[in-house]
Amino acid sequence: MNVKDQHVTVVGLARSGVAAARLLDQLGAKVTVADRKEPQELDAVLSQLDQGKIAVNVGAQYESALDLADLVVISPGVPTQLEALKRVRARGGRVIGELELASRFVTAPIVAVTGTNGKSTTVTLIGKFLQESGKRAFVGGNLGIAASEAALHGLAIQSGTAAPYEYVVLEVSSFQLETTEQFHPWIATVLNVTLDHMDRYASVDDYVAAKANIFANQTAGDYSLFNLDDARVAGLRGRTKASVLGFSRSVASAAGVVGATVLDGDWIVTTVRGTREEICRRSDMRLIGLHNVENVMAAVTYGLLCGCTIEAIRTVLRSFPGLEHALEVVRERRGVRFVNDSKGTNVDAVLKALEGIEQPIWLIAGGRDKGGDFSRLEGAIRAGVKGLILIGEAAGRIQAAMGDFDRCRPAATLRDAVELAAREAQPGEVVLLSPACASFDMFADYQDRGRQFKALVQALPA
């Protein structure tokens with residue numbers, strides 16, 4: 001892709017939009033950044049850009065920045081069917097996402113992970129396996145650092161000012177995959193597909209199709225990894241030209257798959273490298289929950305394909321406690337464990353969190369509804385939840401979905417919820433924040449929600 005001297009507009013000034021603008025500027029494009037937010041809301045973001053070279057068009061008239069663009073690059077949160085984008089396509093302009101742009105200029109093999117849940121944990125594990133094995137890797141994408149930063153690093157390599165990465169490890173979302181054209185990962189997986197983002201997609205089939213784009217440009221020299229326990233994912237095996245690998249909690253489910261990683265009793269074992277290899281005992285891992293066993297199996301597959309040693313993989317698995325906001329143990333207080341799972345923004349994530357905890361639970365849930373079917377939580381809540389404390393816009397909907405479950409308690413704020421749970425929970429029980437909802441009704445994002453929860457828990461008197 002040659003963008004030198006082309007008029008390129010970047011829409012959406014979140015982290016990925018800023019990185020895309022900086023990359024395009026380095027490539028010699030005539031860059032304009034556009035965002036519907038007002039200038040005063042974007043001061044911190046705009047300060048990261050060279051406004052002497054990059055034009056800025058923000059506020060109510062931001063769409064006018066698209067009128068003369070040869071290429072439009074959109075951030076993941078920008079809907080692909082905006083009328084302004086349709087007009088760009090109608091006059092022959094191109095619209096791609098930041099991930100697609102970045103991938104054109106990345107100089108190392110891309111290994112990519114998507115799925116409804118577990119992406120961040122899996123990508124982080126892959127990065128730690130590579131680091132422990134002495135390999136240089138970029139880890140980012142939808143997680144943390146935008147993919148365009150890896151592309152900028154590639155330009156620095158060409159100029160002799162940076163050492164090369166051996167691998168670029170990317171978490172990619174369905175939103176990012178909607179706008180790919182030639183995105184080509186060497187290893188790709190869909191970890192799982194459950195109902196999420198139904199406020200964006202017309203049907204679950206549309207959502208699955210977006211996820212499946214991760215395999216679209218793979219060839220016979222690549223690897224596609226499938227969760228054999230997820231019917232929607234396993235059904236995508238015919239959508240790739242790459243070598244098919246699998247992972248499963250059940251040895252039987254992986255029968256007939258050449259190159260599978262499975263849970264065999266207490267052991268995670270694999271045949272990815274042609275012979276059976278024992279990787280690690282589940283009981284030796286710090287991560288909790290069967291869903292994290294799936295994440296580990298996927299990450300192990302990537303690690304071995306990238307040349308990581310089993311010793312390095314074991315070292316990581318025995319020490320890695322998990323990500324912030326993903327079943328993160330915050331504090332033990334008066335015999336009660338407080339767990340932050342603010343990243344649990346959909347029903348299936350909460351089901352997996354409940355599955356991973358054996359003690360009685362005080363569950364704090366609620367927030368902005370994303371179109372989830374909260375009735376699917378009823379059975380698990382009746383079975384394992386001693387008290388359900390509800391916050392945010394979706395509190396009423398969640399309570400209605402629980403039928404005659406009589407242990408629901410409303411709370412006006414997260415502080416009220418934490419203090420209520422702290423008063424009521426008994427020694428040996430768990431207070432779990434796992435909202436099943438987005439955070440934007442009360443917080444900046446799920447990270448803000450999780451950090452506020454942790455601060456409130458730490459502030460409880462000993």
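FYI, side chains are in, hydrogens and waters are out, and symmetry mates aren't considered; it's all heavy atoms of this structure.
- Nearest heavy-atom pair, Ala298 versus Leu191, reported as atom, atom and distance to 0.1 Å: CB-CD2, 3.5 Å.
- Between the Thr413 side chain and the Asp416 main chain, a donor and an acceptor come within less than 3.5 Å of each other.
- A donor-acceptor pair is defined here as one N or O able to donate and one able to accept, closer than 3.5 Å; no such pair exists between the side chain of Ser174 and the backbone of Ala210.
- Judged purely by distance below 3.5 Å, without hydrogens or angles, the side chains of Asp445 and Ser439 never pair a donor atom with an acceptor atom.
- No donor-acceptor pair under 3.5 Å is formed between the side chain of Arg449 and the backbone N or O of Phe443.
- Phe226 has its ring centre less than 6.0 Å from the ring centre of Phe215.
- The pair Glu328-Lys343 does not count as a salt bridge, with every side-chain nitrogen at least 4.0 angstrom from each carboxylate oxygen.
- Closest non-hydrogen pair, Leu23 versus Ala102, comes out as CD2-CA, 4.3 Å.
- Listed by chain and residue number, His153, Ala163, Tyr165, Glu166 satisfy the side-chain contact (heavy atoms from CB on, under 4.5 Å) test with Arg136 (two or more places apart in sequence, or in another chain).
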Full working for side-chain hydrogen bond (donor to acceptor under 3.5 Å, both in side chains) between Thr122 and Tyr302: CA-CA 10 Å; Thr122 303; Tyr302 278 65; over 6 Å; no
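- A donor-acceptor contact shorter than 3.5 Å is absent between the side chain of Thr32 and the backbone of Ala55.
- One N or O on the side chain of Gln51 and one on the backbone of Leu46 form a donor-acceptor pair closer than 3.5 Å.
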task: Starting from the C-alpha separation in whole Å, work towards a yes-or-no answer on salt bridge (Lys or Arg N to Asp or Glu O under 4.0 Å) for Lys128 and Glu132.
output: CA-CA 6 Å; Lys128 288 184 176 294; Glu132 187 69 25; over 6 Å; no
- request: Decide salt bridge (Lys or Arg N to Asp or Glu O under 4.0 Å) for Arg104 and Glu181; before the verdict, give the C-alpha distance in whole Å, the side-chain angles of both, and the deciding distance to 0.1 Å.
  value: CA-CA 10 Å; Arg104 302 291 188 95; Glu181 295 176 350; 3.2 Å; yes
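- Using a distance-only test at 3.5 Å, with no hydrogens or angles considered, no donor-acceptor pair links the side chain of Thr261 to the main chain of Thr270.
- To the nearest 0.5 Å, atom CD of residue Glu171 and atom OG1 of residue Thr114 are 8.0 Å apart.
- Taking the six-membered ring where tryptophan is involved, the planes of Tyr223 and Trp186 are perpendicular, since the angle between them exceeds 60° and thus also 30°.
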message: Go through it in stages, so that I can follow the logic: the residues are Asp348 and His291, the test is side-chain hydrogen bond (donor to acceptor under 3.5 Å, both in side chains), and I'd like the CA-CA distance, side-chain angles, deciding distance and then a yes or no.
response: CA-CA 10 Å; Asp348 285 276; His291 65 294; over 6 Å; no
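- In terms of heavy-atom proximity, Leu68 sits nearest to His7 at O-CB, 3.8 Å.
- Of the possible polar contacts, none joining the Ser133 side chain to the Leu130 backbone as a donor-acceptor pair under 3.5 Å is found.
- Side chains of Ser148 and Glu98: a donor-acceptor N/O pair is present below 3.5 angstrom, by distance only.
- Lys370 contributes no side-chain N or O that, together with a main-chain N or O of Cys437, makes up a donor-acceptor pair within less than 3.5 Å.
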- request: Apply salt bridge (Lys or Arg N to Asp or Glu O under 4.0 Å) to Glu355 and Lys352, showing your working.
  value: CA-CA 5 Å; Glu355 179 185 56; Lys352 289 182 177 182; over 6 Å; no
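- Checked by atom type and distance alone, the side chain of Asp222 pairs as donor or acceptor with a backbone atom of Thr219 at under 3.5 Å.
- For Glu178 (side chain) and Pro79 (main-chain N/O), no donor-acceptor pair under 3.5 Å exists by modelled atom type.
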